[in-house]
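Right, one structure below, let's go through it.
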Amino acid sequence: MELESCNSYTVWGTLDEHSWIPGVFEGEGDAALYRLDENEEWERKPQYCILQRTLVTEVEDEDFWENEAAFEECRGILEEYSV
């Protein structure tokens, strides 16, 4: 976010169990943005909402994040996980 020459951010659509990270960095993992729920539907993880909050507050501000209805689901997820 602090590097002006960075103008994009790539997120791979994968689950933790398909990630190469745990096999390369022992003890690391669970960084994917989604998980499959009990119905095999993609569900947002707290990481998704942390990323969303970071991007929104960088472009707008904390008040926009706290008050915009579009972010209600993620605010709830972060509250549930005490993040």
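Side-chain atoms are counted along with the backbone in the values below, which use heavy atoms only and exclude waters and symmetry mates. Here, residue 1 is the first one in the sequence, and each next residue gets the next number.
The nearest pair of heavy atoms linking S8 to C6 is O-SG, 3.4 Å. Here the closest non-hydrogen pair linking R75 and A69 is NH2-CA, 4.4 Å.
L51 and Y34 fall within the same hydrophobic cluster, where Ile, Leu, Val, Met, Phe, Trp and Tyr residues are linked whenever their side-chain heavy atoms come under 4.5 Å apart, directly or through other members. Hydrophobic clustering keeps I77 apart from W42 (ILVMFWY residues linked when any side-chain heavy atoms are closer than 4.5 Å, directly or through intermediates). Taking hydrophobic clusters as Ile, Leu, Val, Met, Phe, Trp and Tyr residues chained together by side-chain heavy-atom distances below 4.5 Å, Y48 shares a cluster with V11.
Listed by chain and residue number, R44 satisfy the salt bridge (Lys or Arg N to Asp or Glu O under 4.0 Å) test with E73 (two or more places apart in sequence, or in another chain). Looking at residues two or more places apart in sequence or on another chain, you find a side-chain hydrogen bond (donor to acceptor under 3.5 Å, both in side chains) between E43 and R35. Residues meeting the side-chain contact (heavy atoms from CB on, under 4.5 Å) test with E4, sequence neighbours left out: none. Listed by chain and residue number, R53, T54, L78, V83 satisfy the side-chain contact (heavy atoms from CB on, under 4.5 Å) test with I50 (two or more places apart in sequence, or in another chain).
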For residues 61-68, please give each side-chain donor-acceptor pair under 3.5 Å, one per line with the distance, not counting sequence neighbours.
{"residue": "D61", "atom": "OD1", "partner": "D63", "partner atom": "N", "Å": "3.2"}
{"residue": "D61", "atom": "OD1", "partner": "F64", "partner atom": "N", "Å": "2.7"}
{"residue": "N67", "atom": "ND2", "partner": "D63", "partner atom": "O", "Å": "2.8"}

Compile the donor-acceptor pairs under 3.5 Å between side chains in residues 19-26 and protein atoms, sequence neighbours left out, one pair per line.
{"residue": "S19", "atom": "OG", "partner": "I21", "partner atom": "N", "Å": "3.1"}

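Remark: the backbone N or O of E41 is not paired with any side-chain donor or acceptor of N39 at under 3.5 angstrom.
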